[in-house]
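A short worksheet on the structure shown next.
Only a predicted model underlies this, so the values are computations on that prediction, with no experimental measurement involved. The sequence lines fix the lettering, A, B, ..., with proteins before strands; numbering per chain opens at 1.
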Amino acid sequence: MPAISVQNLSKFYEVHQKEPGLVGSLKSFVLRKSYDVKAVDDISFSIESGELVGFLGPNGAGKTTTLKVLSGLLYPTGGEVSVLGFTPWQRQADFQRRFALVMGQKSQVWWDLPPMETFLINKEIYEVPDARFRETLDELVQILELEDVINVQARKLSLGERMKCELLAALLHRPQVLFLDEPTIGLDVVAQQNIRNFVREYNARYGATVILTSHYMRDVEALCDRVLIVDRGHLVFDGDLDTVVRRYADYKFLTVTFETPVAEAALAEFGAVVSYRPRTTTLRIARDVVPQVSAQLLQDYPVLDLNIVEPEVDEVVRQFFSGGRPAHAEVAS
Amino acid sequence: MQRYVRLYLAFAKNSFLNALEYRLSFTVWSIATICYTAVYVASIQIIFNHVQTIGGWRVEHMLVLAATVMIVDGIVESIFGENMSALSGLINRGELDFVLSKPVNTRFYVSTRKFDWDPLVQVVLGGGVLWYAVSLLAEPVPWYGALLYLGMVVCACLIAYSLWFIIISATFFVGRLNNVGNLYYNLIEASRVPTDVFRGALRLGLTFLLPVAFIATVPSQALLGLLSPTFAFAAVAMTAGLLTISHLFWQLALTKYSSASS
């Protein structure tokens, strides 16, 4: 039996529409027009126990809404969902003891107190026995390198440290299923890397099923073999990451800064020019020829700086649609 | 049950640690409360320099009433005050997500998470005023009067909390409410006057529609031996009724919760 199974899930929100300006506001105050936003529209997938799955999509695609339905926070408009054999929105305690939700933009750690105090509250809530609490805490503190942090007031911690504490707080009861919603948002590269390493380690050590949403391609690349791509409420891709990246992000961006101005036409020979200024130009280069092109540029021109950047996930997904499924472009988002 | 006691102790401990982080706040609050109490008691004394009774209430009766308001308000604000203020924001910003995803009674969690130690000063001062007022009474208060008083104070606290909770729960339906949340404070202000002062429909309204009478007037009457059994039962019924209504309303509101987008 899969750990998570979702059948034809839909979630519509009712949204009020307002015309701009004062008159519009007055009108909408008297007579509200509302319409449904299809945040999630007929999505089906299933995830096996122990899988680490990436959930990708642009803003407003329905990632967070799906996670919230899976966590039992939202009642779906339609469809069937089973997580570890439970129906999430019934919010049975047995279910809630088996999963955890971490949201990069919301905090459960008490702001004014050291994170340790939040951990102790969670210990009581999840009824974790003393010995096991100690053991899990020591283990997680060690992996996350939080020794010096857990007794410092949370508001004095850096964003990265706080995020680690959020993870720790969510994992003290050793959930079998973990929902991570943008866990690396706003973090610097080192902190992102730390979080990534930890998620991989947790998945491996405890065999937990993990769903991860992120804007950052690197997160997903580093962690997930399988990705689900959603856009405007529809599931548009379900498969291994290599396929997506090869097929839909088969290029990288190369930003070059020259010592002396270089003509656009000369650079266009290397690849598509995305943005051009005489001294700094960004080129779109096919993934597999990036090394050759870089070498060629360094050889032919006086290069001051050369920067290779992955395309953003948002863009990959956009790309995916502009080529593949134009029909959804009309759906209101 | 035992689990919730442990959880509550953990909450109270955290809140205490929290209060210790902000020592100055406690000091300032204490000074303000002491000044406020002095002015309040003095103003009652001044009024009674000019009149003998108000609606049949003598000065010592009014002081009992004043003390009761302070005690009830202090208890409710200590246990629930910060939580009620925070709840509206939890709903509005979608932070209820974390609470809802945990194996814990949601209402218990959002109602008791933070214990505010500051208003306890008011409870202590209220106790002092009560002591003074009772010493002015012609006859000592019998033990069953004191017991009934305690029971009525508990009812008063639960009534005030239920009303407050119902009002805040309405945030689920409207997204945000600012001034309506202040209704609790209006309730407390209104209860500073004995409802015996009012007549007819207004008095009925202040008893059963907006249960102002049960906040301070009824407990005070209990202490003064003036409470009819009917009203004692009415207070208990009102408490049970409001707790039930607030529970049902909360359940309904939760089904309506669409957590604010992250």
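If you measure heavy-atom distances from A:Ser107 to chain B, the contacts under 4.5 Å come from the backbone alone. Only the side chain of A:Asn122 comes within less than 4.5 Å of a heavy atom of chain B; its backbone N, CA, C and O stay farther away. Residue contact with chain B, scored on non-hydrogen atoms closer than 4.5 Å, is absent for A:Gln92. Using a 4.5 Å cut-off between heavy atoms, A:Trp110 touches chain B through its side chain atoms alone. Contacts between A:Phe99 and chain B at a heavy-atom distance below 4.5 Å involve the side chain alone, from C-beta outward. For chain A, no part of B:Tyr4 is nearby; none of its heavy atoms comes within less than 4.5 Å. Contact of A:Arg97 with chain B is made through backbone and side chain together, with heavy-atom distances under 4.5 Å.
The closest side-chain heavy-atom distance from A:Lys123 to B:Arg6 is below 4.5 Å. B:Asn18 places none of its side-chain heavy atoms less than 4.5 Å from the side chain of A:Glu117. Within the 4.5 Å cutoff, no side-chain heavy atoms of B:Val104 are placed close to those of A:Tyr126.
The two residues A:Glu127 and B:Arg3 come nearest to each other via the heavy atoms CD-CD, 3.0 Å. In terms of heavy-atom proximity, A:Tyr75 sits nearest to B:Leu254 at CE1-O, 4.1 Å. Across B:Ala10 and A:Glu124, no two heavy atoms sit closer than the pair CB-CG, 4.2 Å. Closest approach of B:Asp97 to A:Met103, counting heavy atoms only: CB-CE, 3.4 Å.
Atom CD of A:Glu80 has 12 or fewer heavy atoms from other residues, nucleotides or ligands within 6.0 Å.
Just one of A:Ile121, A:Leu120, A:Thr118, A:Asp112 meets the side-chain contact (heavy atoms from CB on, under 4.5 Å) condition when paired with B:Asn14; it is A:Ile121.
For the atom pair B:Ser101 OG and A:Gln108 CD, the distance stands at 7.5 Å (nearest 0.5 Å).
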